[in-house]
Number of protein chains: 2
Amino acid sequence: METGQRRTPCQSCPLRALERFRDFTPAELEFVARFKIGELHLPAGNNFLIENAESANLYTVLGGWAFRYKVLQDGRRQILNFALSGDLVGLQGTLMGEMQHSVEALTPVRLCVFQRERILEVYRNFPSLAFDLTWLAAREERMLDENLLSVGRRSALERAAYLLVFLHVRARALCPGRLEKVFLPISQQHVADTLGLSIVHTNKTLRKLAERNLIRWHGRSCEVLDEDGLRKVAGWYDEIEMHRPFI
Amino acid sequence: METGQRRTPCQSCPLRALERFRDFTPAELEFVARFKIGELHLPAGNNFLIENAESANLYTVLGGWAFRYKVLQDGRRQILNFALSGDLVGLQGTLMGEMQHSVEALTPVRLCVFQRERILEVYRNFPSLAFDLTWLAAREERMLDENLLSVGRRSALERAAYLLVFLHVRARALCPGRLEKVFLPISQQHVADTLGLSIVHTNKTLRKLAERNLIRWHGRSCEVLDEDGLRKVAGWYDEIEMHRPFI
DNA sequence: CGCCGTATTGACAATCCTCAAGTAAGGTGG
DNA sequence: CCACCTTACTTGAGGATTGTCAATACGGCG
């Protein structure tokens with residue numbers, strides 16, 4: 001685990017360049033730059049937030065992938081959602097004191113670290129950023145709603161297709177320049193734990209998608225060959241996503 | 001549908017009397033009283049927020065039960081969560097323009113109506129209330145996390161027991177005075193759609209709980225006879241809930 | 001009384017899980 | 001360079017869970 005001083009000044013934040021993210025005013029930018037107390041570079045597999053622990057900090061993913069999950073006593077694991085660049089992680093713990101889920105780095109990950117104690121300053125001094133915090137929480141809720149619909153009511157095949165489109169859309173939005181293939185850095189075990197399926201049945205389901213030439217699997221990563229085909233299987237209906245905020 | 005002028009002044013809000021809710025400062029109270037533009041009394045079954053519609057307003061449940069849900073094209077329905085007194089409904093639509101789920105009154109319901117356009121005033125003028133909005137969003141997320149864990153990884157019996165304890169705890173918290181029985185105003189169809197099970201299998205599962213004298217079913221409502229027994233079946237671990245905010 | 005919504009039950013089928021064994025790719029030490 | 005790990009993906013067989021279909025019971029209500 002490598003912790004360190006600020007590496008990426010907010011003023012030249014690479015995320016800001018992406019069309020997807022909203023612009024900051026100079027004052028907002030300056031505030032956020034002071035709000036950020038450091039940067040954390042972690043290897044894949046690191047659990048940087050742990051259930052039942054007081055969460056010391058709030059993080060924004062600056063690069064890499066992570067996932068939120070919960071486990072039952074006997075080890076059954078449910079992945080709740082994934083966090084990609086620009087996503088906020090640890091807000092629940094920041095607001096309510098104790099984490100009720102864990103977060104693990106899926107790939108090597110770079111995190112902006114914000115101090116928990118200073119969250120109130122955001123509300124007192126920057127209403128627009130406070131609004132963005134609520135917006136991000138509402139967006140997370142929306143993703144969870146959709147995921148719950150999947151796990152509760154979609155068939156295994158629909159579920160798998162839906163998840164892959166979902167992740168593919170989110171991943172593509174972060175690398176707008178290159179039109180080359182996007183690989184999703186997940187194993188079949190991650191898919192299983194996200195969809196609430198066993199690893200064996202997940203494998204057989206993904207196999208069907210591969211046989212239809214919709215995806216291809218390469219060890220710990222998934223290549224999406226035909227997003228539209230997956231959408232059909234998933235019953236995906238598009239939604240417009242506007243410029244999103246981030247902190 | 002009965003819509004009307006203000007019936008319950010915020011100053012004498014019945015929820016405020018409950019130990020569970022945090023106190024407002026006089027200034028906050030006055031602001032909220034002006035922020036509330038009316039009150040809506042709706043019969044059971046009324047869908048007062050609808051997926052894909054622009055949501056005109058933001059609501060707080062003042063009395064009664066409602067539930068959030070989504071449906072797939074072919075009619076499969078997933079209930080996402082329930083809303084009881086003090087719960088905020090419609091925030092997603094308020095912040096992001098369009099609802100991506102519907103909300104239906106489960107019992108006759110009384111709603112405080114807040115004007116969507118004025119949400120920014122909260123952020124500009126009352127940081128403490130803005131914080132509460134984020135807090136409520138994070139709380140909803142937390143409940144969804146737990147529900148997703150249930151649907152994804154718990155067995156039918158565990159799931160059912162968990163849901164009933166969850167609802168019983170929430171319902172009991174709202175009527176602290178009376179120690180009499182609390183009835184959950186749901187049908188087995190609601191349970192099925194919450195747990196992602198078929199109605200038949202739900203019935204058989206609930207039957208098992210009834211045979212163990214943990215619950216009793218009365219038409220459209222469920223009586224919890226033995227909460228501790230249910231907790232054991234569910235694998236429930238307690239969490240501390242502090243004084244919660246509400247708007 | 002008959003109608004309707006809800007709960008209940010049995011029989012059978014589909015989905016999904018577990019167990020078990022195998023393959024393929026990559027890394028490591030000799 | 002090869003033997004030998006480890007990790008992850010595959011596949012088949014059999015069993016448990018859950019779904020579908022169909023019929024019945026029961027109570028409230030016009």
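All chains are named by letter (A, B, ...) in the order of the sequence lines, taking the proteins before the strands, and each is independently numbered beginning at 1. Since the model is a prediction, treat every value here as computed from it, not as a measurement.
Residue B/S187 has its side chain nearest to C/dA7 when only D/dT18, C/dA7, C/dC17 are considered. Candidate nucleotides C/dG10, C/dC16, D/dA8 were compared by shortest atom distance to the side chain of A/R220, and D/dA8 ranks first.
Residues A/D145 and B/Y69 bring no donor and acceptor atom of their side chains to less than 3.5 Å of each other. Residues A/H41 and A/R110 bring no donor and acceptor atom of their side chains to less than 3.5 Å of each other.
Using a cut-off of 4.0 Å between Lys/Arg side-chain N and Asp/Glu carboxylate O, B/E227 and B/K232 are scored as not salt-bridged.
Heavy atoms of A/L206 sit nowhere under 4.0 angstrom from any nucleic acid atom.
What separates CZ of B/R153 from P of C/dC17 is a distance of 7 Å, to the nearest Å. One interatomic measurement links the two molecules: NE2 of A/H218 to P of D/dT10, which rounds to 11 Å at whole-angstrom precision. For B/R76 and C/dT15, the CZ to P distance is 12 Å, given to the nearest whole Å. Taking atom CD1 of B/I199 as the reference point, atom P of C/dT9 lies 13 Å away to the nearest angstrom. One interatomic measurement links the two molecules: CH2 of A/W217 to C1' of C/dA24, which rounds to 16 Å at whole-angstrom precision. Here C/dT15 presents its P atom at 12 Å from CZ of A/R159, a figure rounded to the nearest Å. Taking atom CG of B/D74 as the reference point, atom P of D/dG19 lies 15 Å away to the nearest angstrom.
Under the 6.0 Å distance and 45° angle rule, A/R154 counts as a cation-pi partner of A/Y162.
You'll find a donor-acceptor pair under 3.5 Å spanning the side chain of A/K204 and the base of D/dG12, going by distance alone.
Contact between the side-chain N/O atoms of A/R207 and the OP1/OP2 oxygens of D/dT10 is found at a separation under 4.0 Å. For D/dC9, the OP1/OP2 oxygens have no side-chain nitrogen or oxygen of A/N203 closer than 4.0 Å. In this structure, B/Q188 reaches the C/dT8 phosphate: one of its side-chain N or O atoms is under 4.0 Å from OP1 or OP2.
Going from atom CG of A/L15 over to atom CG of A/L84 covers 10.5 Å, rounded to the nearest 0.5 Å.
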